[in-house]
Amino acid sequence: MANETVEMLSSLFVRRVTIGAIATISRAASRMEYQQTAGCEGGLHENIPKVSIAPMIDRTDRHFRHFARLLTHHATLYTEMLGDNAILHGGPDILAWAPHVENPVVCQIGGSNPATLARAATMVVTRGYKEINMNVGCPSEKGQRVCTYGAALMETPELVGECIKSMAQAVATHVPCTVKCRIGIGHTEDYDELKAFVATVHNTSGGHAKHFIVHARRAILGANLTPEQNRKIPPLTHDFVYRLVQDFPLLKFTLNGGIASVKEAKLHLDNGVHGVMIGRAAYKTPWQLLGSIDRVFHGAAPPLQTRAQLLEKYIAYCESVAHERKVNRHKLLQPIMTLFVGEPRNMHYRRCLHGNSDLSVADTIRKAMACMAPAELHKRLDDLTAAIMNSPVSLPVGQFPPMHLTGPSAWVGQDMAAAPDRWLVTLSQADIDDLEQAATHFLSLGKDIGEITRADFPLKSFDRHLKELQHKLIHGCGVEVLRGLPVEKYSQAFIATVFCGVGVHLGSARSQNAQGHVLGHVRDTGADANAATTRIYQTAQRQTFHTDSSDVVGLLCICAAKQGGTSLLVSAETIYNEMVARRPDLVRYLFDPIATDRRGEVPEGMKPYMTIPPFSWHEGRLTVFYQRQYIDSAQRFSGAMRLTDKHIEALNLFDHLANDSALHFTMELQPGDMQFVYNHAQLHDRTGFVDWPDPKRKRHLLRLWLSIPSTDGRHHCIDCNVGLRCSLHLSCLSGKMSRPICMALSDFVPQESS
């Protein structure tokens with residue numbers, strides 16, 4: 001079967017074929033074929049480098065590599081990209097280097113002719129390079145125009161695989177042959193296409209392509225973007241690389257793109273990628289970055305401790321190559337131009353290097369050193385490394401939050417319990433009168449309660465507090481209880497009207513189930529909690545910490561239980577902070593698109609589960625979407641993403657922290673209490689309860705799901721129909737996101753539990 005798959009893939013080999021055209025076949029083959037061929041090279045990739053410095057045109061020449069090796073013995077260095085024909089016909093200087101000083105060094109080759117690449121690879125190996133890397137990521141116009149190298153080759157994954165296979169066979173697997181690519185090409189991101197590309201390259205290479213260095217940006221080709229713009233304009237999507245690690249456990253993946261510090265690099269390694277590649281930060285801040293690699297990643301002392309020592313050694317190198325005919329002065333000085341970035345006299349140093357052309361390179365460097373203060377020249381590298389590792393770090397926006405979140409919603413339960421004034425508001429008699437008059441007015445209109453508007457529920461003064469409550473939910477602690485509504489003297493219809501009236505001043509009601517109900521009843525219906533279609537609030541059993549599919553969940557207590565039914569709340573940001581502090585390696589698994597069961601309430605045309613990460617980081621805010629029972633039960637669907645042991649460990653830690661009594665706090669909802677909780681920042685729970693035998697006294701709460709507009713006029717909500725967080729303008733609310741449901745008041749009168 002494996003051989004048939006290889007033949008099937010090989011038969012698709014053409015000069016130009018889009019990834020989408022082979023996606024179906026490669027997805028079908030990826031799991032089977034790559035697992036059977038992944039061990040064929042005798043463990044060449046078992047020890048891939050933790051940290052490597054990216055190949056950069058006009059930067060990573062032999063002078064830069066010598067300079068970098070003075071700062072780190074362990075980082076893997078790359079050549080500039082060398083074209084296959086340039087290697088074959090460019091003369092001996094094209095591969096000039098000093099392997100006894102520079103190794104480990106990878107030679108990056110550009111090309112797309114398997115035969116020519118094989119001959120070039122043979123020459124590279126004879127010169128002592130430790131690895132051959134094929135350039136499938138450069139977005140240069142030349143590479144696009146002739147499709148001979150770079151990101152344009154991502155359209156021909158079989159050709160890339162054939163090239164790797166040809167090179168690996170030519171060098172008799174003495175050195176590994178790897179691929180450096182983007183996450184895709186074009187204007188749209190598609191993980192399935194990236195996954196298909198990796199599978200196809202590996203399969204077509206006969207298993208020789210085992211290590212992929214992935215720049216976590218798309219390359220936008222044919223849009224007149226320069227290579228520099230292609231390094232900045234397409235957004236970073238580090239998550240795609242993490243997903244490759246999960247989907248191809250026998251392959252290795254190095255993450256490249258946007259990594260600006262050793263601490264950030266270490267965070268990525270701790271979170272599961274096999275290696276990190278650092279690009280322009282390596283020459284923009286070489287002292288801070290290159291100088292810290294050995295200590296941080298290998299526990300080894302750096303080769304030297306001060307910039308004075310570094311420059312003296314580099315002067316010796318410059319003098320050793322000064323006699324060479326083709327040595328370029330600018331190229332020699334370029335690696336040390338940014339050595340004193342951030343120091344007070346940095347500009348004096350740089351001006352001195354740029355000038356003094358009448359002096360030798362060595363004397364120019366000595367004169368530049370004289371511009372610097374002794375404290376700057378002799379500052380110890382280990383002290384700098386310690387300061388860097390003790391500083392805060394965050395991964396790029398859109399990927400992961402900072403290491404520690406602060407703000408009013410990152411509260412600790414013990415603090416909230418000790419300060420009820422932060423979340424508990426007692427209604428005044430004037431407030432109650434205002435609400436009663438508004439409800440009486442609405443009932444006099446004879447309208448369906450599903451049609452209620454702000455104008456139908458006019459408030460004289462209490463609306464000012466509700467505007468403050470909106471802000472408090474989104475930008476404050478995220479929870480408030482309004483206490484004191486005398487529900488015992490109201491009819492069920494009047495209670496429902498007051499609650500929906502408060503809700504319409506806060507936001508727009510959203511349907512809570514497949515029947516489109518906008519006002520829900522939370523009570524024990526006698527349903528079987530173990531049934532796959534039962535929602536836990538329909539039982540008397542203990543719930544678990546969870547969120548609902550709306551911005552805000554509102555509860556109005558009509559009757560409390562005889563015993564139990566306590567409300568619990570915990571901050572998602574506090575859980576995140578604790579996870580980072582205790583197990584940072586598990587945090588990223590909660591940013592994966594995990595399936596959540598719809599429990600039988602499936603909108604037409606939708607899957608029986610939603611795919612949504614428990615944690616998301618968007619526009620500087622952490623949001624949460626979580627219901628553990630439904631995550632577990634979603635695993636019964638064949639199409640749902642499989643939970644790995646790491647996912648389960650992360651979910652278990654999440655549950656453990658949510659249930660920590662030091663982190664959450666409890667409240668007993670009394671009849672008349674209205675509780676509002678911001679779902680994106682808090683999780684709520686309820687203890688099990690024992691009900692009254694009298695049906696009229698049974699525990700009964702009304703529930704609203706609200707979409708709340710922010711200060712910019714948008715609703716920030718979760719689409720429970722498609723399982724995606726999004727920002728919706730008000731005009732969108734007439735669609736699937738919030739269907740106007742007209743219901744008679746009689747529909748809100750609770751029925752007897754069966």
### Any donor-acceptor N/O pair, Q309 side chain to T306 backbone, under 3.5 Å
yes
### Minimum heavy-atom distance R69-A75, with the two atoms named
NH1-O, 2.8 Å
### Query
Nearest heavy-atom pair of R65 and T79: which atoms, and what distance?
NH1-CA, 3.6 Å
For residues [X] and [Y], determine if any side-chain heavy atom of one lies less than 4.5 Å from a side-chain heavy atom of the other.
| X | Y | value |
| --- | --- | --- |
| M134 | L153 | yes |
| L332 | Y314 | yes |
| H274 | P49 | no |
| I53 | Y78 | no |
| N256 | V214 | no |
| M154 | V136 | yes |
| V361 | T364 | no |

### Query
Is the number of heavy atoms from other residues, nucleotides or ligands under 6.0 Å of K331 NZ greater than 12?
yes
Using a strict 4.0 Å threshold on nitrogen-to-oxygen distance, state whether [X] and [Y] make a salt bridge.
| X | Y | value |
| --- | --- | --- |
| D239 | R588 | no |
| K266 | D270 | yes |
| K130 | E102 | no |
| E131 | K180 | no |
| R366 | D363 | yes |
| R295 | D382 | yes |

### Message
If you take the centroid of each ring, where Trp contributes its six-membered ring, are F615 and F654 closer together than 6.0 Å?
### Response
yes
#### Entry: Lys NZ or Arg CZ of R59 over F64 ring: under 6.0 Å, within 45°
no
### Query
So, is the end of the R350 side chain (NZ or CZ) under 6.0 Å from the ring centre of F340 and within 45° of the ring's axis?
no
### Task
Please state whether the rings of F197 and F212 are parallel, tilted or perpendicular, taking 30° and 60° as the class boundaries.
perpendicular
## Note on the structure
Paired with K252, the side-chain contact (heavy atoms from CB on, under 4.5 Å) test is passed by just one of L244, I48, T178, namely I48
